[in-house]
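Each chain gets a letter, A, B and so on, in the order the sequences are listed, and its residues count up from 1.
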Protein chains: 2
Amino acid sequence: MITIPYPKGHKIKVRNKIVESAAQAFRTNGIHDVSVPFIMKGAGLTHGGFYSHFDNKEQLVAEACRYAISDTITLLQKVADEEKHNPRIHTVIDYYLSPYHRDNTEMGCILPALSGEISRSSEEVRQVFTQELERMIAFISNLAEIDTVKGSALFSTMVGSLVLARSVNNPELSASLLSAGKQYAKDLVMT
Amino acid sequence: MITIPYPKGHKIKVRNKIVESAAQAFRTNGIHDVSVPFIMKGAGLTHGGFYSHFDNKEQLVAEACRYAISDTITLLQKVADEEKHNPRIHTVIDYYLSPYHRDNTEMGCILPALSGEISRSSEEVRQVFTQELERMIAFISNLAEIDTVKGSALFSTMVGSLVLARSVNNPELSASLLSAGKQYAKDLVMT
DNA sequence: TATAATATATTACGGTCATCATATTATAAA
DNA sequence: TTTATAATATGATGACCGTAATATATTATA
């Protein structure tokens, strides 16, 4: 006879908490700089139980990245849906290149946050990024009513501007990178 | 009486070798994933001598980043100078977004390679990046004969395209990201 | 209320890290 | 050739890593 000693779905909930904790931690501190004990602490657990949920850290990395990108697409969709007057792509560009998004890496788009590290990750992780980036480009292109080639260039501009705006020390330069990105991203859509 | 046991300039040469080794290693594997022993081995030395050249790892990071960006600007200048017919900015864009540059991170531009990690680095390192990025934007803007705001957007597009092209697993998608970036970067210059 | 099954915690292991103290080596001058 | 010493190597320290084995806590059911 099979009994269920813990509440039904308990383990899945805990597992999701670990993924969420990891997705947040990776965006804030990078993949390699975040330890399993740190992630588990973020989920309110101790590190030992980790391996009853995941085979290894790499598996969690892949899941957390997929979770984070999906989350961002959902958020951008919501941002677009709330706009009633201006072109919806403009609203998304403005959000993506806002000081808020720049300064809150831990809940933002994972692509600029982990950009460098992804190319050095395992095939499994890169596969996830490839799939999710394709979804992101499709989403952006659809919203802007442009083809996916142009959509790729648009999203590249957005990612590059955000990455550089986060790298610099000088607030004026950072703001200028954001606003230049916004302006020419919108220009790109309209030409 | 003071004796000089090693040839004049010996230590400076060794120090430069360490910086070069670090600049290459950081671009290939990221800052945090590269250890001091690994860098020293790359310079043909053992780890212990490191602290007679640098106060700590962070100081080397800052120097290696400055070295790497200067190196890249010099290289791009040379690439531009070799072009006789087309607009020189086109040649630089084509080089920057070439498969060669995408696939040889270790000798390429450090900004896309370390983008995510820079924003989490010390003030000292971010200060270096700020200064060198300003130089890079000035160089690009001057070459394209556009103002620095437009130049910022142009360089953002280049960085973003390269970052995303390196992240994905799918060769076609990667190539498409490069060519989309090239096309719209050139469009941006001319409009 | 006891039990069985499952979720989480504790503890340990082997490895690598940055850093430092000390020993050794290489070489210019005496 | 000897000597002084700068440059480099060796080895150690304490911290933290990913991973794993084992122990403990939890709770739906009998």
Measure the spacing between OG of S152(A) and CD of E134(A) and express it to the nearest 0.5 Å. 9.5 Å
Start at the 5' end of DNA chain D and walk down; is the nucleotide closest to F38(A) or to G48(A) reached first? F38(A)
Can you tell me how far C1' of dT19(D) sits from CE of M40(A), to the nearest Å? 13 Å
No-hydrogen, no-angle side-chain donor-acceptor test under 3.5 Å, T157(A) and T157(B): yes
Residue Y51(B), side-chain atoms from C-beta onward, closest of dA7(D), dA20(D), dA18(C): dA18(C)
Indicate, with a heavy-atom threshold strictly under 4.0 Å, whether H53(B) touches base, sugar-phosphate, or nothing. sugar-phosphate
Can you measure K57(A) atom NZ to dC16(D) atom P for me and round it to whole angstrom units? 15 Å
Roughly how many Å is it from CG in N29(A) to P in dC17(D), rounded to a whole number? 12 Å
Please list every stem that involves DNA chain D, where a stem is a run of 3 or more consecutive Watson-Crick or G-U wobble pairs with both pairing distances under 3.5 Å. C:1-30 with D:1-30
Separation of dC16(D) atom C1' from D33(A) atom CG, nearest Å, is 13 Å
Could you give the CZ-to-P distance, from F50(B) to dA18(C), as a whole number of Å? 9 Å
Kindly say whether, by distance alone, the side chain of H47(B) makes a donor-acceptor pair under 3.5 Å with the base of dT8(D)? no
L45(B) CG to dT25(C) P, in whole Å, measures 16 Å
Between dT19(C), dT10(D), dA9(C), spot the one nearest the side chain of T46(A), thanks. dA9(C)
Is there a donor in the side chain of S174(A) and an acceptor in the side chain of R102(A), or the other way round, less than 3.5 Å apart? yes
Do we see a donor-acceptor contact under 3.5 Å between the side chains of S167(A) and S119(B)? no
I want to verify a distance call: between dC17(D), dA7(C), dT8(D), whose nearest atom is closest to the P37(A) side chain? dC17(D)
Within 6.0 angstrom of Q77(A) CD, more than 12 heavy atoms from elsewhere: yes
Checking side-chain polar atoms at under 3.5 Å, does E83(A) have a donor or acceptor matched by the opposite partner on T91(A)? yes
Specify the separation, in whole Å, of atom CD1 of I18(A) and atom P of dG18(D). 14 Å
Any S35(A) side-chain nitrogen or oxygen under 4.0 Å from OP1 or OP2 of dC17(D): yes
Rounded distance (Å) that lies between atom P of dT19(C) and atom CD1 of I39(B): 11 Å
Within a reach of under 6.0 Å around CD of E124(A), are more than 12 heavy atoms found that belong to other residues, nucleotides or ligands? yes
